[in-house]
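Below, read A as the first sequence line, B as the second, and so on, with proteins coming before strands; counting in each chain starts at 1.
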Amino acid sequence: MDERYNPHEIEPRWQRRWEEEKLFRVEADPGRPKYYLLEMFPYPSGNIHMGHVRNYTIGDVVARYKRMQGFNVLHPMGWDAFGMPAENAAIANRTHPARWTYANIDTMRAQLKRLGFSYDWEREIATCRPEYYRWEQWLFLRMLEKGLAFRREAYVNWCESCQTVLANEQVEAGQCWRCGRAVRQKKLWQWFFRITHYAEDLLEYCDRLPGWPEKVLTMQKNWIGKSLGAEIRFPLENGGGEIPVFTTRHDTVCGATFLCLAPEHPQVLELSRGTPQEAAVREFVERISLQDRSAKALERYEKEGVFTGAWCRNPVNGRRMPIYTANFALMDYGTGAVMSVPAHDQRDFEFARKYGLPVVIVVQPEDRPLSAEGLEEAYTGDGVLVNSGPFDGLPNRRAMEAIADFLAREGRGGRAVSFRLRDWGISRQRYWGAPIPVIHCPRCGIVPVPEAELPVVLPEDADLLEGGRSPLPELDAFRRVPCPACGAEDARRETDTMDTFVESSWYFERFCSPDCTTAMFDRAAVDYWMPVDQYIGGVEHAILHLLYSRFYTRVLRDEGLVAYKEPFTRLLTQGMVCHETYHCPEHGHLFPAEAPLEGASRRCAHCGREVTIGRVEKMSKSKKNVVDPGALVERYGADTTRLFCLFAAPPEKDLEWSEQGVEGGFRFLNRLWRLAADWLPHLQGVSPYDGGLEGLEEPLRGLVRKTHETIRKVTRDIEERFHFNTAISAVMELVNTWSAIEPGKDSSPACRAVVRLALETVVRLLAPIVPHITEEIWSALGQEQSLLLCRWPSYREDAIERETALVVLQVNGKLRSRMEVPAGLSEEELRARALADETVQKFIAGKPVRKVVVVGQKLVNVVA
RNA sequence: GCGAGAGUGGCGGAACUGGUAGACGCACUGGACUUAGGAUCCAGCUCUGGCGACAGAAUGGGAGUUCAAAUCUCCCCUCUCGCACCA
């Protein structure tokens, strides 16, 4: 072994060997227990960033660890390759999205390989390839047949700069999740997946996913947003018809004094027609629909509305109620109409006060009686019904039941459930996506592309148009097709493409049989590998990707294609990678390298001015607080990079990047290397010590014990909670203990055997974390087989037992002394020894001992 | 506003079911080796008082339960994340 630790020489060498010997390749093997470890596949944006490195390092450690535990581990990698950045880049660089994407994939694959991740590269997939998306199109047709895919005209979230529609899940605080531009409402014909069909099931199963973080499940539950309530239909005063309303407070129905319809509600314009209000309503509706979402969010407390000119009757007490249209009523939720009870709902209250509408109290709290005139805010608590005719005197909770029954009897409504979850809009007016396989025929309507004609290949010779518009609608070669049903020449192919979240909703199944040409996947392979045992990725996908995948899996199941309902048994959401931000008064945000440390402060490398050190924030290009993994690997190697990612914080927490911390990791590996090199000449041909503690003297005895204790600790830390940081520190402790023994000083066979055991253990425990340096030391020890094929070490109980115990002595709960006693003393014995202790005596100072608490072999507390 | 989570040395972070607070690492200080070292090795390192043994205080703040609280309960403060007119 070389004297110097040189990662740049050893790392590529081992990577080559792993690849040549195909050590990462796996096959389904029903005779062996499987473990499917998956990390969220990346969008091929051009370069691997620190977030990827962290995510994939965590995954790689688990994959390698499980492999050493004897599992048949599936650990694949691929590319979420469709999407808008490719189009933007294509325009900016005058290239084609496909060329840009494939070039990025090549770069990023090389970067991943350089980090030594144990992927089975023969299973690599890119979702933009027709062999992949043809099966997505195939399933789309099945969904179409079943009504799970459908088309309707709807108000959709429209992003002007992306020139496309966004799903509700893709709108964050009124802004586009991708570019940040304010989203506005636009009415368009769109394709949807009926995810609401599974709302109840998706919600229910949230409680059957014990391996998922509580936080993610809570987010999903809130997103699905089930509420129990009632539907109440309000008959219109003039002529027929009624307006259905969803409410969770049907107990307050007698306090409803007016109705509010969403401005987009189909009946709004109809109701106002011919009334003096017609013009005012039209103007209001127009104004509100032009408002974008963020403007609406900002004006959240500015309630406004207009009387439509129409009236309805309260179906319970017959009260005559004006119908308004109001900006706070959402077409998206419930029925798009609200019964307004100003006394018991804050929004309705504000609205009523603004427009001078009546307030009627129907729920009286027991402690303080309310009056309609004196009311300063809505009362939303419980109480007893008043002003409610036959329901007066009922506690409001019970009144809910009674009123629901009443409504059902009268044919005016009844119990109802409402979900917040909307159907998933999957149409994108984009080019770089999977084509939706249907044809519009003027005679036959929507005609599915015949299965034999799949895939509908995205034409790769198209050039993008100015503003990023999709070329597909103008590409006759693509768009003009004869109708498959009637042969009409003037049929037109659908030019919308699918949301890229569709591709990522089933890629984990495709990994099981990536080359399958006859179906989405090979059933036997999926039966063996799926579901994913451990999924790892960022929390940012807590709703979008994870909910869509759960939905898609249900579709596959109902199609009889898979046997399970949930795709991911365990989920780990890793924290973000953060870094300090640097800001120069003249040059703005600076990269870490542009703000070198000078003593305690930092100066701008361009102008020498002092740099303000900002808060620690998520690494982002715009703030320039990024560290390039490539540069890091070049400087320290892959092992150091991996080590620091794992050591700096437990995986679920945010990681604060620190140059000095990386340096520390590098130092540890150097130290391990040197120690190994120093000992190696003494360990040739020596077998590792395999006994218990008998017959060993200190310090060897201590080292053997520490070795076995470390195996136990590291195994638990990885197995139970993926706490690699504490696992690594345990190994560091073992190395510290070992390094106290000087090489060559004690040449006894026992010493050599014990040290060999310690070294081999360190190497095996660190193998999943820093695979290259450990392989190198392992082979220098004379081992011919790769560490990858080596089993995870196990510990001996009889090497961990201690013959003495350290017992802590407290007086009145305060630590006063300690004593070393032979292991296995009785409580009586411990109590006696504790009371006899000099320091304890001093602190009880003659006071009577009231109580003595003995805790195991660890602690005695004397209460005096 | 609603929901979830988190506050521990100069810093990142340890502390299993309440039982030695600060493992491990970084930074810092002193020393050794050295032409030199930002290399390596040894020692120290929560705060206050004391030469010292030692004593006192301390896990965001305040109360409480307990022989014993970073850990459990209640109130308050701060921060992060998610949802955001959801009827």
Side-chain angles (χ1 to χ4, degrees), chain A residues 172-174 213-223 225-227 229 245-250 252 256 260 262 296-297 299-303 326-330 332-341 344-348 350-351 418-421 539-540 542-543 575-576 615-616 643-644 647-650 652-665 667-668 670-671 674 713 716-717 720-721 723 725-733 735-736 739 806-818 839 850-856 858-864:
Chain A
E172 293 167 353
E214 201 53 50
K215 178 190 162 91
V216 174
L217 294 173
T218 307
M219 283 166 70
Q220 294 216 347
K221 284 183 202 166
N222 291 342
W223 189 264
K226 179 181 181 177
S227 13
V245 149
F246 174 77
T247 179
T248 53
R249 290 299 305 272
H250 40 291
T252 65
C260 284
K296 276 191 185 172
E299 292 162 28
R300 189 179 156 196
Y301 293 109
E302 260 318 304
K303 314 262 175 291
N327 64 343
F328 67 83
L330 306 171
D332 256 12
Y333 187 74
T335 62
V338 189
M339 74 171 198
S340 291
V341 187
H344 305 293
D345 181 284
Q346 188 57 27
R347 278 173 323 217
D348 298 344
E350 287 169 31
F351 193 84
S418 182
F419 290 93
R420 206 188 80 114
L421 182 70
V539 237
E540 63 272 24
I543 296 171
M576 297 178 298
R615 348 188 293 155
V616 174
L643 183 69
F644 180 71
F647 184 61
E652 69 278 5
K653 285 186 55 169
D654 285 352
L655 181 152
E656 189 184 330
W657 195 265
S658 142
E659 300 308 322
Q660 289 162 333
V662 179
E663 201 76 49
R667 223 154 35 210
F668 170 69
N670 271 290
R671 185 152 174 256
R674 258 194 330 272
K713 165 114 179 104
R716 281 189 186 164
D717 284 349
E720 285 163 24
R721 29 178 223 168
H723 275 205
N725 57 331
T726 51
I728 292 166
S729 57
V731 178
M732 285 173 167
E733 282 186 57
V735 171
N736 289 345
S739 70
L806 181 68
V807 177
V808 170
L809 303 180
Q810 294 184 336
V811 176
N812 294 330
K814 276 194 177 173
L815 174 73
R816 292 302 179 189
S817 179
R818 305 159 211 267
T839 320
R850 286 192 291 137
K851 193 173 177 181
V852 178
V853 184
V854 181
V855 183
K858 289 196 305 201
L859 179 143
V860 180
N861 187 12
V862 180
V863 187

Among B:rC85, B:rG12, B:rG13, find the nucleotide with the atom closest to the side chain of A:Asn327.
B:rC85
Distance check needed: B:rC24 C1' versus A:Met732 CE, whole Å only.
7 Å
Would you tell me if any nitrogen or oxygen in the side chain of A:Arg816 comes within less than 4.0 Å of OP1 or OP2 on B:rG56?
yes
Per nearest nucleotide of RNA chain B, the residue lying toward the 5' end, A:Ala329 or A:Ser658, is A:Ser658
Suppose you measure atom P in B:rG25 against the same atom in B:rU78; what distance do you get, rounded to whole Å?
38 Å
Presence of A:Asn861 side-chain N/O under 4.0 Å of B:rU20 phosphate oxygens OP1/OP2
no
N/O (side chain, A:Arg671) to phosphate O (OP1/OP2, B:rC41) under 4.0 Å
yes
Is A:Arg674 near enough to B:rA39 that one of its side-chain N or O atoms lies under 4.0 angstrom from OP1 or OP2?
no
A:Asp654 CG - B:rC11 C1' separation (whole Å):
16 Å
Rounded to whole angstrom units, what separation is found between the CE atom of A:Met219 and the C1' atom of B:rA84?
13 Å
Value in whole Å for how far the C1' atom of B:rC16 lies from NZ of A:Lys713
8 Å
I want to verify a distance call: between B:rC24, B:rG82, B:rU20, whose nearest atom is closest to the A:Ser729 side chain?
B:rC24
Are side-chain heavy atoms of A:Phe328 and A:Asp348 found at a separation under 4.5 Å?
yes
Would B:rG49 be called syn or anti here, given the cut-off of 90° from 0?
anti
Looking only at heavy atoms, which two atoms of A:Arg420 and A:Tyr333 are closest? And how far apart?
CA-CE1, 3.9 Å
Would you please say whether a donor-acceptor pair under 3.5 Å links the side chains of A:Arg671 and A:Asn736?
yes
For atom CG of A:Leu655 and atom P of B:rC11, their distance in whole Å:
17 Å
On a whole-Å scale, what distance lies between the C1' atoms belonging to B:rU71 and B:rG60?
16 Å
Are any non-hydrogen side-chain atoms of A:Ser340 and A:Phe351 less than 4.5 angstrom apart?
no
Which nucleotide, B:rG12, B:rU20, B:rA84, lies nearest any side-chain atom of A:Phe647?
B:rG12
Atom P, compared across B:rG62 and B:rG9: separation rounded to whole Å
15 Å
Would you say A:Lys851 reaches B:rC67's phosphate, i.e. side-chain N/O to OP1/OP2 under 4.0 Å?
yes
Out of B:rA27, B:rA87, B:rG19, whichever nucleotide has its closest atom nearest the side chain of A:Gln810:
B:rG19
Between B:rA14, B:rC85, B:rC24, which one does the side chain of A:His723 approach most closely?
B:rA14
Any base atoms under 4.0 Å from A:Val863, or only sugar-phosphate, or nothing? Heavy atoms, all strands.
sugar-phosphate
Looking at B:rC16, B:rG3, B:rC24, which one has an atom nearest to any side-chain atom of A:Lys858?
B:rC16
For B:rG19 and B:rA55, measure between their P atoms and round to the nearest Å.
23 Å
Reckon A:Gly225 touches a base, only the sugar-phosphate, or nothing at all at heavy-atom distances under 4.0 Å?
nothing
What pair of heavy atoms forms the shortest contact from A:Phe246 to A:Ser227, and how long is it?
CZ-O, 3.6 Å
OP1 or OP2 of B:rA87 versus the side-chain N and O atoms of A:Ser227: is any pair under 4.0 Å?
yes
Using atom P in both nucleotides, what's the gap between B:rG22 and B:rC33 to the nearest angstrom?
34 Å
Touch class at under 4.0 angstrom, heavy-atom based, for A:Gln346 against every strand present:
nothing
Between A:Ala329 and A:Ala262, what is the shortest heavy-atom contact and its length?
O-CB, 3.3 Å
Closest heavy-atom contact between A:Asn725 and A:Pro650?
ND2-CD, 3.4 Å
Hey, does A:Ile728 reach any base, or is it just sugar-phosphate, or nothing, if we go heavy atoms under 4.0 Å?
nothing
Between B:rA69 atom C1' and A:Asn812 atom CG, what is the distance in whole Å?
16 Å
Runs of at least three consecutive pairs that involve RNA chain B, where pairs are Watson-Crick or G-U with distances under 3.5 Å
B:1-7 with B:77-83, B:10-12 with B:24-26, B:28-32 with B:40-44, B:46-49 with B:54-57, B:60-64 with B:72-76
Here's a test of your reading of the structure: between A:Pro650 and A:Leu815, which maps to the more 5' nucleotide of RNA chain B?
A:Pro650
Taking the side chain as every heavy atom from C-beta outward, state whether A:Val852 and A:Val860 have any atom pair closer than 4.5 Å.
yes
What does A:Asp348 touch in the nucleic acid at a heavy-atom separation under 4.0 angstrom: a base, only the sugar-phosphate, or nothing?
nothing
Which nucleotide in the list B:rG3, B:rC85, B:rA14 gets nearest to the side chain of A:Asn222?
B:rG3
Considering only the P atoms, how many Å lie between B:rG61 and B:rG10, rounded to the nearest integer?
13 Å
Over all atoms of both residues, closest heavy-atom pair of A:Thr247 and A:Met339:
OG1-CE, 3.8 Å
Can you tell me if the side-chain N/O atoms of A:Arg667 get under 4.0 Å from OP1 or OP2 in B:rA27?
yes
Taking the same atom, C1', in B:rC41 and in B:rU46, what whole-Å distance lies between them?
27 Å
Quantified in whole Å, what is the P atom distance between nucleotide B:rA69 and nucleotide B:rC79?
30 Å
Does A:Lys814 put a side-chain nitrogen or oxygen below 4.0 Å from OP1 or OP2 of B:rA57?
yes
A:Leu217 CG to B:rG3 P: how many Å, rounded?
18 Å
Short side-chain N/O contact to B:rA14 OP1/OP2 from A:Asn725, under 4.0 Å
yes
Tell me what A:Asn736 touches on the nucleic acid: a base, only sugar-phosphate, or nothing, going by heavy atoms under 4.0 Å.
sugar-phosphate
Over all atoms of both residues, closest heavy-atom pair of A:Leu815 and A:Val808
CD1-CG1, 3.0 Å
Taking the minimum atom-to-atom distance to the side chain of A:Leu859, which one of B:rG19, B:rC83, B:rC85 wins?
B:rG19
Before you tell me yes or no, could you show the steps for A:Trp657 and A:Val616 under side chain to side chain contact (heavy atoms under 4.5 Å, CB included), namely the whole-Å CA-CA distance, both residues' side-chain angles and the distance that decides it to 0.1 Å?
CA-CA 9 Å; A:Trp657 195 265; A:Val616 174; over 6 Å; no
Roughly how many Å is it from NZ in A:Lys226 to C1' in B:rC86, rounded to a whole number?
16 Å
